> 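Mind having a look at this structure? Questions to follow.
The structure presented is a predicted model; accordingly, all values stated were derived computationally and were not measured.
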Amino acid sequence: ERHGECRMSAWLPRVAAAALTGLVACSAALGAPARVAGTVASVTGDTLVITTADAKPQIVRLDDKIRITIRTPAAYAILEEGRYVGVTAMPRADGTLVASAVSVFPESRRGAGEGHYPMKGRPAGTTMTNATVKSVSVSASRPAGNATVTAATYAHGEYRLTLAYAGGAQTVVVPDDVPVVALSNGDRSALARGAHVIVTGERDAQGELAATRIDVGGNGSVPPL
């Protein structure tokens, strides 16, 4: 009996430690940034419900600080000198930066996130450049990020953008199958039933999202991830 008690007393601290470890891990997961795509099912007050790709409902909490952005598909002609853009890109074998998505900011958001930097939560080597178009260039590209488009020219099925930002510049190739979207500021009226959205926020213990940002596909489109 006493031997069993000793074994039990030695076992209990390990169980407690394991439980505490699990609790810490669980707590660390809570409040972590999350990104969920889906279709608006309903909006009631400060509660948004979206249906995800696996047909599951996701509850999203809204507040007055949330930023809503409309992302509308645009023609490549919008990539003109002087535009402020954000370009997601990765280097190909020869080091040339190749875009996977291009966003054109409204004037009210010129300078947002300006610079060239690696993107978190994306494949290694993925960069973002926010910058302004300054001049036309057909030379080989260099790593890109968030910057203003300095140059744009169409050749061999590709646009080549020279992106200038405070402290540097990058050149990026934009293949003709890469989505280009025009961004505009939106409000809750954009969260209509059936709208395609991407919600960025933090998940709580109940699995609900406290949204910090929502991207809405304009004209019924699906915003690119």
Side-chain angles (χ1 to χ4, degrees), residues 33-89 99-114 119 121-122 126 128-133 144-149 152 154 159 161 163 172 174-201 209-225:
R35 203 157 178 256
V36 179
T39 303
V40 173
S42 66
V43 183
T44 305
D46 291 335
T47 301
L48 166 70
V49 178
I50 66 173
T51 303
T52 61
D54 56 4
K56 294 181 178 179
Q58 170 66 62
I59 296 176
V60 179
R61 299 300 181 191
L62 310 175
D63 63 26
D64 294 337
K65 296 180 180 179
I66 189 171
R67 189 178 81 196
I68 298 176
T69 300
I70 312 300
R71 301 173 66 88
T72 305
Y76 274 51
I78 197 173
L79 301 177
E80 56 190 9
E81 185 174 330
R83 292 281 191 179
Y84 189 76
V85 303
V87 179
T88 303
S100 58
V102 180
S103 299
V104 180
F105 291 93
E107 275 301 306
S108 62
R109 289 172 61 183
R110 179 176 289 277
E114 184 174 9
M119 291 188 72
R122 297 294 182 94
T126 304
M128 172 57 73
T129 305
N130 290 341
T132 304
V133 181
N146 281 343
T148 303
V149 181
Y154 189 75
Y159 268 89
L161 307 178
L163 307 175
V172 61
V174 184
D176 60 8
D177 59 349
V178 166
V180 175
V181 297
L183 307 184
S184 59
N185 299 319
D187 55 31
R188 294 194 188 188
S189 65
L191 303 177
R193 183 180 176 84
H196 300 284
V197 298
I198 298 174
V199 179
T200 302
L209 280 179
T212 55
R213 169 180 168 180
I214 298 179
D215 291 322
V216 184
N219 298 332
S221 64
V222 178
L225 290 171

> Hey, is the main chain of Ser221 close enough, under 3.5 Å, to the side chain of Asn219 for a donor-acceptor pair?
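Pair absent, no side-chain N/O of Asn219 close to backbone of Ser221.
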> Does any part of the side chain of Leu62, heavy atoms only, come nearer than 4.5 Å to the side chain of Ile214, both counted from C-beta?
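In short, these two side chains touch, coming nearer than 4.5 Å.
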> Report the C-alpha distance between Arg122 and Thr88 in whole Å, list the side-chain angles of each, state the deciding distance to 0.1 Å, and finish with yes or no for side chain to side chain contact (heavy atoms under 4.5 Å, CB included).
CA-CA 10 Å; Arg122 297 294 182 94; Thr88 303; 3.9 Å; yes
> What distance separates Ile78 CD1 from Thr72 OG1, expressed to the nearest 0.5 Å?
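Answer rounded to 0.5 Å: 9.5 Å.
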> What pair of heavy atoms forms the shortest contact from Val216 to Pro223, and how long is it?
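So the minimum-distance heavy-atom pair works out to C-CG, 4.3 Å.
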> Do you know the tightest heavy-atom contact between Ile70 and Gly186?
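It is CG1-CA, 4.0 Å.
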> Looking only at heavy atoms, which two atoms of Phe105 and Val85 are closest? And how far apart?
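Scanning both residues, the minimum pair turns out to be CE1-C, 3.6 Å.
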> How long is the straight-line distance from CD1 of Ile68 back to CZ of Arg213, given to the nearest 0.5 Å?
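It is 12.0 Å, given to the nearest 0.5 Å.
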> If you compare all heavy atoms of Val172 against all heavy atoms of Ala99, which two are closest, and at what distance to 0.1 Å?
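Heavy atoms of Val172 and Ala99 come nearest at CG2-N, 3.7 Å.
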> Supply the atom-to-atom distance Arg188 CZ to Asp46 CG, rounded to the nearest 0.5 angstrom.
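Here the rounded value is 4.5 Å.
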> So, does Thr212 use its side chain to make a donor-acceptor pair with the main chain of Thr200 at under 3.5 Å?
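Yes.
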> If you define the side chain from C-beta out and look only at heavy atoms, does anything of Arg61 sit under 4.5 Å from Thr47?
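Side-chain contact under 4.5 Å: yes.
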> Val40 and Leu191: which non-hydrogen atoms are nearest, and at how many Å?
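Looking at all heavy atoms of both residues, the shortest contact is CG1-O, 3.7 Å.
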> What distance do Ile198 atom CD1 and Thr69 atom OG1 have between them, rounded to the nearest 0.5 Å?
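Rounded to the nearest 0.5 Å, the CD1-OG1 separation comes out at 11.0 Å.
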> I'd like to check the side-chain hydrogen bond (donor to acceptor under 3.5 Å, both in side chains) partners of Thr52; sequence neighbours left out, ordered by chain and number.
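Asp54.
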> Roughly how far, to the nearest 0.5 Å, is CZ of Arg83 from OG of Ser103?
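Going from the OG atom of Ser103 to the CZ atom of Arg83 covers 13.0 Å.
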> Locate the shortest heavy-atom distance separating Pro57 from Val49; write the atom from each residue and the value.
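Taking every non-hydrogen atom into account, CB-CG1, 4.2 Å.
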> Quick one: does Tyr76's side chain get under 4.5 Å of Val174's, heavy atoms only?
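When only atoms from C-beta onward are counted, Val174 and Tyr76 do touch, with a gap below 4.5 Å.
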> For the atom pair OG (Ser42) and CD1 (Ile50), what is the distance rounded to the nearest 0.5 Å?
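Separation between the atoms: 10.5 Å.
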> Please identify each residue that fulfils side-chain hydrogen bond (donor to acceptor under 3.5 Å, both in side chains) with Arg67, with sequence neighbours left out.
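side-chain hydrogen bond (donor to acceptor under 3.5 Å, both in side chains) check on Arg67 returns nothing, list empty.
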